[in-house]
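Down below is the structure, laid out as structure tokens.
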4 protein chains.
Amino acid sequence: MARRATSGGSAGGGTEPGAATGSGASGSGTTGAVPERLLAEATRLFAEHGYDRTSVQEIVEAAGVTKGALYHYFGSKDDLLHEIYGRVLRLQTERLDAIATRPTPVTERIAEAAADVVVTSIQNLDDTKIFFRSMHQLSPEKQKAVRAERRRYHETFRALVEEGQRDGRFRPEPRPDLVVDFFFGSVHHLGTWYHADGPLTAEQVAAEFSDLLLHSLLRP
Amino acid sequence: MARRATSGGSAGGGTEPGAATGSGASGSGTTGAVPERLLAEATRLFAEHGYDRTSVQEIVEAAGVTKGALYHYFGSKDDLLHEIYGRVLRLQTERLDAIATRPTPVTERIAEAAADVVVTSIQNLDDTKIFFRSMHQLSPEKQKAVRAERRRYHETFRALVEEGQRDGRFRPEPRPDLVVDFFFGSVHHLGTWYHADGPLTAEQVAAEFSDLLLHSLLRP
Amino acid sequence: MARRATSGGSAGGGTEPGAATGSGASGSGTTGAVPERLLAEATRLFAEHGYDRTSVQEIVEAAGVTKGALYHYFGSKDDLLHEIYGRVLRLQTERLDAIATRPTPVTERIAEAAADVVVTSIQNLDDTKIFFRSMHQLSPEKQKAVRAERRRYHETFRALVEEGQRDGRFRPEPRPDLVVDFFFGSVHHLGTWYHADGPLTAEQVAAEFSDLLLHSLLRP
Amino acid sequence: MARRATSGGSAGGGTEPGAATGSGASGSGTTGAVPERLLAEATRLFAEHGYDRTSVQEIVEAAGVTKGALYHYFGSKDDLLHEIYGRVLRLQTERLDAIATRPTPVTERIAEAAADVVVTSIQNLDDTKIFFRSMHQLSPEKQKAVRAERRRYHETFRALVEEGQRDGRFRPEPRPDLVVDFFFGSVHHLGTWYHADGPLTAEQVAAEFSDLLLHSLLRP
DNA sequence: TATGAATGAGCTTTCATTCAT
DNA sequence: AATGAATGAAAGCTCATTCAT
């Protein structure tokens, strides 16, 4: 069934980290390679109307191609969603891994990691919206793959919390796994209220969220 | 056009506050009044498969009635979702209002409010799941109504944060509105990870979340 | 199936000749006997939206009663339509019979009959619209009954044409049956263009149509 | 939204003037291009049972395709009806324009035009039936378009009446617009009584109708 | 005399996907 | 690499009618 690029492999070119797909940056038509254009328009439309409410017809029209072209590059509509997930997961995992292994105090690393995930979530706000709304629309096996990847990410973050507790900078009471779920709930919900044209920059939100997390953890 | 009980009015009987519709309570068939049964099954199915993935046919089969019966009580599938929202909004608003007006120190009130919303969110976990996943599938006007009600709720909570900052118990730095978005992000995401048969009771999660919030706010 | 008043018998009271149901005269609600109100609203709605596009629900709402009430008086939606037909057929047949048997020259009688059917068609314009649009939506047997009644009417009119030809006042060439179809086509189409608030009164149209018919028949 | 061939453009091939779609010509299946087959079967069925009583399912079964195919070519059931109207309007407008501009006496032109519209109405009797029965089932905007086209046609005919009155061949009394409504009422009603297997040919009816019209107009 | 909950069949339309070209 | 006609299943919704009360 699936013809070409599916899960795991990028479809026809890499998505360079930093390539924002967030609100505003959507080239609306006929520039660039076909698979990229399809992914970009799909991301925009999924975020705007939801996965089930977006028809394949709408995607190909927005990308300026025909259905045959889409099915040439992607095995199914589902594959498109999976690829979007893959892109954002790869990006965030890479960044967290880089931050977590720095030779700085754990307080600093966790503050940076928290701020960074907020900034990149806002820069890719469409992906963020899709992420927490549409996971259950993936096929079960793909859901499993995404969840596994996500768990790895959470575990890396949790390890930082544990490290902070072990070396005495953080209060010992909070359960690290609950801290992670607590914080990433906040992050995933950015998509429901943050607007690029609102009063706050991504960096301001990042600083505040990071500060709230730190204060909830630090010994008084 | 709209036939009968829709938003605002309860469909054929009151939903007593505290009546859990959460994961475990799926009465699978033919007991009770028809509108309640429809609402209960719809809630369960929407939480399980998502709004768009749940067909009207599935709902009526689960409730043991025919489509005609559903459309006798609800004007549309959309109305069903709206009624579910109305139910949970009413419940949570009532409880928060009761807590916010108690004659106790603001620290205590905010801790209680935070813990309470966690407990009721877990008790009605299906509603919680539906809430943050399916809002964008409501018709625009109904979305507006729900958002307005939600804003009222958030403002009450924010007022508690502001009160705590004014009387000097809370740090002055955090922006109250960001605090609210931060905390309710966490609450709304309970549905993505909490399981009734997991290691934590609702009260344990509530205590931890409440504690994390308090520590993020209190002066060191 | 049919409970009470169906074809042939009037439903719960006679419709006095002359009681206009045409546009404008529709009492919109809760005055008068129930069956009359139902018939009046049905007439108005059938004329406005067509038979198939008018739901039983709309009719009972307009008449201010419930479905049960409608089905108490009429056996089916079809019966309503049939009753409307019956009403207008009875009215027009009576009037034509009265005119046709007058002791005046045939030229005068045919001119009067032509003018009269135009006037009463305009006075009951809703019935006229329904008549030629919705006949095929009647059940076959009722269609047959209506057509038989209509044929009787046409034959009376045709007899006048034949009489005029026999006594030499009319040209002998036109086939009397074609003359009847020719003229009643015009009459039945009044509903598609005549408006009460237009520039012409019913009497003016009647005079002109009658004049056109006469001139098409008279020897030069 | 609207997919392909709709109003104005013919769907996949021209309808040659003269291609009869009338009662006898029901090709019942699988010859010819798909859009034409759909249009032909729809015409037959709409004429036979009415627009609302004909289901899309019946149309596609008669044409030997699936619903998807129908909606590939036509945006809606409504579009099908509109296309049928377009076809007959185009045909009749062309023919009237050709006759109206001939260099012959107005009496002759009007007689020919009258006879011609009768003949083509009978040749396309299904379209004629549909025309006057189903106009109000078109969407409002499409109704408007059809009416505008129809008005143009009527105005051309009315101009002939006026010309005849101006040059003294016709009686001055009849109002030209009423003459047009009078005559086309007769024409549109052909579908209610004419049968191809009856005693009269199309040409005989045409001659009689034309003659009746002329005599109603000519000075005695 | 009238209610109104409930039925069950049917409606138009949408959609992801396939495949010959 | 890409087209676009066609499929087939399912979706949300409407409606005339029935019947216990």
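Lettering follows sequence order; numbering is per chain, from 1. Hydrogens, waters and symmetry mates are skipped; everything else that's a heavy atom, side chains included, is used.
Side-chain atoms of D:Lys67 stay outside donor-acceptor range of the base of F:dT7, with no qualifying N/O pair under 3.5 Å.
One atom, CD1 of A:Ile59, and another, C1' of E:dC15, lie 12 Å apart when rounded to the nearest Å. The interatomic distance linking C:Arg37 (CZ) with E:dT1 (C1') rounds to 13 Å, in whole Å. Per the geometry, CG belonging to D:Leu70 stands 14 Å off P belonging to E:dC11, to the nearest Å. For D:Glu61 and E:dC11, the CD to P distance is 10 Å, given to the nearest whole Å.
Proximity of D:Tyr71 to the phosphate of E:dT13: a side-chain N or O atom is located under 4.0 Å from OP1 or OP2. Taking side-chain N and O atoms only, C:Tyr73 has a distance below 4.0 Å to OP1 or OP2 of E:dA2. For D:Thr66 and F:dA6, the shortest distance from a side-chain N or O to OP1 or OP2 is not below 4.0 Å.
Formation of a donor-acceptor pair under 3.5 Å by the C:Arg37 side chain with backbone atoms of C:Ala63 is found in this model. Listed for the C:Tyr85 side chain is a donor-acceptor partner under 3.5 Å among the backbone atoms of C:Phe131.
Mapping B:Asp52 and C:Tyr51 onto DNA chain F by nearest heavy atom places B:Asp52 at the nucleotide closer to the 5' end. Residue C:Val34 is the one, among A:Arg53 and C:Val34, whose nearest nucleotide of DNA chain E lies closer to the 5' end (criterion: closest heavy atom). Nearest-nucleotide mapping onto DNA chain E: of D:Ser76 and C:Val65, the residue sitting toward the 5' end is C:Val65. Both A:Ala69 and C:Asp78 lie close to DNA chain F; mapped to their nearest nucleotides by heavy-atom distance, the more 5′-ward contact belongs to A:Ala69.
In this structure B:Asp52 satisfies the side chain to side chain donor-acceptor pair (under 3.5 Å) test together with A:Arg53, B:Gln137, sequence neighbours excluded.
Residues B:Phe74 and B:Leu81 are not in side-chain contact: their nearest non-hydrogen atoms beyond the backbone lie 4.5 Å or more apart.
Enclosure of atom CD in B:Glu141 is not indicated, since only 12 or fewer non-hydrogen atoms of other residues, nucleotides or ligands lie within 6.0 angstrom.
Taking every side-chain heavy atom of D:His72 into account, F:dA6 is the closest of F:dA6, F:dA16, E:dT17. Residue D:Lys77 places its side chain closer to E:dT13 than to any other of E:dT13, F:dG4, F:dA16.
Cation-pi contact between B:Lys77 and B:Tyr51: present, with separation from the ring centre below 6.0 Å and deviation from the ring axis of at most 45°.
No salt bridge links A:Asp126 with A:Arg44; every basic N to acidic carboxylate O contact stays at or beyond 4.0 Å.
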Which nucleotides of DNA chain F pair, in dot-bracket form (Watson-Crick or G-U under 3.5 Å, | meaning another strand)
.||||||||||||||||||||
